[in-house]
Number of protein chains: 2
Amino acid sequence: MKISTKGRYALRIMLDLAQNSKGEYIPLKDISSRQGITIKYMEQIVPMLTKAGLIRSLRGNNGGYMLSRQPEEYTIGEILRCAEGSLAPIACLEDETNQCPRSESCKTLAFWQGMRDVIYEYADGRTLKDLL
Amino acid sequence: MKISTKGRYALRIMLDLAQNSKGEYIPLKDISSRQGITIKYMEQIVPMLTKAGLIRSLRGNNGGYMLSRQPEEYTIGEILRCAEGSLAPIACLEDETNQCPRSESCKTLAFWQGMRDVIYEYADGRTLKDLL
DNA sequence: TATAATACCTACTAAAGAGGTATGAATTAA
DNA sequence: TTAATTCATACCTCTTTAGTAGGTATTATA
């Protein structure tokens, strides 16, 4: 029951961008020196955020990344789901295809749905700005 | 961010014991046929519950397992922690020894603490009886 | 137009965890 | 004595985690 480094680092990267944005693109080198995460590992995480439209990128000299919205317009939940894939505590709850054959009679399913709900409510009820 | 089979099965085993208890010890064979979990795999999970005192065991012929308390006296949280080890979403929150060197200035730590709290409140606020 | 700095892409790897099986020993009611 | 059971330990395969490595494409700037 752990959030992986992908999710944790993604959140720190987004926070770093929010804190250091001055309208310019910020290179991974800068984020790396502030956050102590290797550039090479971030290069694996950041494209997930770019493809989802959470951040904008510019290649080449003076390139880098910047937020594409205001900090208060990001929920933590959407950032984590982007990097982690899902925040559901069991696979049955992720989508229709993962439902197990016992779901009809499963006495634990409602419990897990409730747990998922409190996690989502919590994570989607907070924005990047709240963490600044 | 997933509960493993250990935790999920532990909960189902506890529920099965609660539903089928008639003051006698229930062998894994019976639980296996009802729950569709192999005896051999349960033999790995159940000792965690026994050692923690959540259930009582009797070896030998006519042996098996039974709850050591009433269903309403178990929180789901304690059952899951017993099998999963911890429900904390990040390792930093498990105990003192896991704290990372950035904890002082970490802007995400409070967020994770809050997430841990809602998970614990939810899981500790429900008992086995609630799931019956 | 050359250059340096950057994002982007694709492999690769070592270690750990997940999800089991297998074998056999100890215990106990009937 | 026997059959049924828990208990203990080792083993196995697959996937995930947490990175590292090397090279390519792009771009502002000198």
Side-chain angles (χ1 to χ4, degrees), chain A residues 1-13 17 23-33 35-66 68 80 83-86 89-92 94 98 100, chain B residues 1-13 17 23-33 35-66 68 80 83-86 89-92 94 98 100:
Chain A
M1 183 71 171
K2 289 282 177 295
I3 297 279
S4 73
T5 53
K6 285 210 170 51
R8 289 188 285 122
Y9 289 179
L11 183 53
R12 284 170 58 191
I13 290 167
L17 289 176
E24 298 166 347
Y25 287 95
I26 298 173
L28 289 183
K29 186 180 54 171
D30 293 7
I31 303 178
S32 174
S33 67
Q35 298 294 329
I37 307 170
T38 66
I39 294 176
K40 279 301 179 186
Y41 194 36
M42 284 195 290
E43 280 184 345
Q44 203 168 323
I45 295 169
V46 164
M48 298 192 276
L49 303 170
T50 315
K51 280 167 189 158
L54 299 192
I55 57 180
R56 281 202 299 261
S57 69
L58 180 69
R59 300 170 80 166
N61 196 0
N62 275 8
Y65 301 91
M66 65 168 66
S68 45
L80 294 179
E84 289 280 315
S86 160
I90 61 173
C92 320
E94 283 183 351
N98 278 333
C100 87
Chain B
M1 184 70 170
K2 289 283 178 294
I3 298 280
S4 72
T5 53
K6 288 209 169 50
R8 288 188 285 120
Y9 290 179
L11 183 54
R12 282 169 60 192
I13 291 167
L17 289 176
E24 297 166 347
Y25 286 96
I26 297 173
L28 289 183
K29 187 180 53 170
D30 292 7
I31 304 177
S32 174
S33 67
Q35 298 294 329
I37 307 170
T38 66
I39 294 177
K40 279 303 177 187
Y41 194 37
M42 283 194 290
E43 281 184 347
Q44 200 171 323
I45 295 168
V46 164
M48 299 192 276
L49 303 170
T50 315
K51 278 167 188 158
L54 299 192
I55 57 180
R56 280 202 298 264
S57 68
L58 180 69
R59 301 168 81 165
N61 196 0
N62 275 7
Y65 300 91
M66 65 168 66
S68 45
L80 293 178
E84 288 281 314
S86 159
I90 61 174
C92 321
E94 283 183 353
N98 278 334
C100 88

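Side chains included, hydrogens not; waters and symmetry mates left out as well; all remaining heavy atoms used. Everything quoted here is computed from the prediction, not taken from an experiment. Each chain gets a letter, A, B and so on, in the order the sequences are listed, and its residues count up from 1.
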Here the distance between atom P of D:dT6 and atom CE of B:Met66, to the nearest Å, is 12 Å

Output one letter per nucleotide in nucleotides 12-25 of chain C: B when a protein non-hydrogen atom lies under 4.0 Å from the base, S when only the sugar-phosphate is that close, - when neither is. -------BBB-BB-

Does B:Lys6 form a side chain to side chain contact (heavy atoms under 4.5 Å, CB included) with B:Met48? I'd like the steps, not just the answer. CA-CA 10 Å; B:Lys6 288 209 169 50; B:Met48 299 192 276; 3.6 Å; yes

Side chain to side chain contact (heavy atoms under 4.5 Å, CB included), that's the test. Do B:Ser4 and B:Glu84 meet it? Break it down for me. CA-CA 7 Å; B:Ser4 72; B:Glu84 288 281 314; 2.7 Å; yes

Spacing of A:Met42 atom CE relative to C:dC9 atom P, expressed in whole Å: 17 Å

Any B:Asn62 side-chain N or O less than 4.0 Å from OP1/OP2 of C:dA30: yes

Residues in contact with DNA chain D, drawn from residues 24-32 of chain B - heavy-atom cutoff 4.0 Å: B:Pro27, B:Leu28, B:Lys29

For B:Lys2 versus A:Glu94, what's the shortest heavy-atom pair and its separation? NZ-OE2, 2.7 Å

Check B:Ile90 against A:Arg8 and note the closest heavy-atom contact, atom names and distance. CG2-CD, 3.3 Å

Rounded to whole angstroms, how far apart are CG on A:Leu49 and P on C:dC8? 11 Å

Residues that A:Tyr41 engages under ring-ring contact (aromatic ring centres under 6.0 Å, His included), provided they are two or more places apart: A:Tyr9

Separation of A:Leu58 atom CG from D:dA25 atom C1', in whole Å? 13 Å

Taking only side-chain N and O atoms of A:Thr50, does any of them lie within less than 4.0 angstrom of OP1 or OP2 on C:dA7? no

Show the nearest heavy-atom pair for residues B:Thr5 and B:Ile45, with the distance to one decimal. O-CD1, 4.5 Å

Length of the CD1-P vector between A:Ile37 and D:dT17, whole Å: 17 Å

What is the minimum heavy-atom distance between B:Ser32 and B:Ile37, and which atoms define it? OG-O, 2.8 Å

Taking the nucleotide of DNA chain D with the closest heavy atom to each, which residue, A:Gly60 or B:Asn61, is nearer the 5' end? B:Asn61

Using every non-hydrogen atom in the two residues, find where A:Leu80 and A:Gly7 come nearest and quote the distance to one decimal. CD2-O, 3.5 Å

Would you indicate whether the side-chain heavy atoms of A:Leu28 and A:Tyr65 approach each other to under 4.5 Å? yes

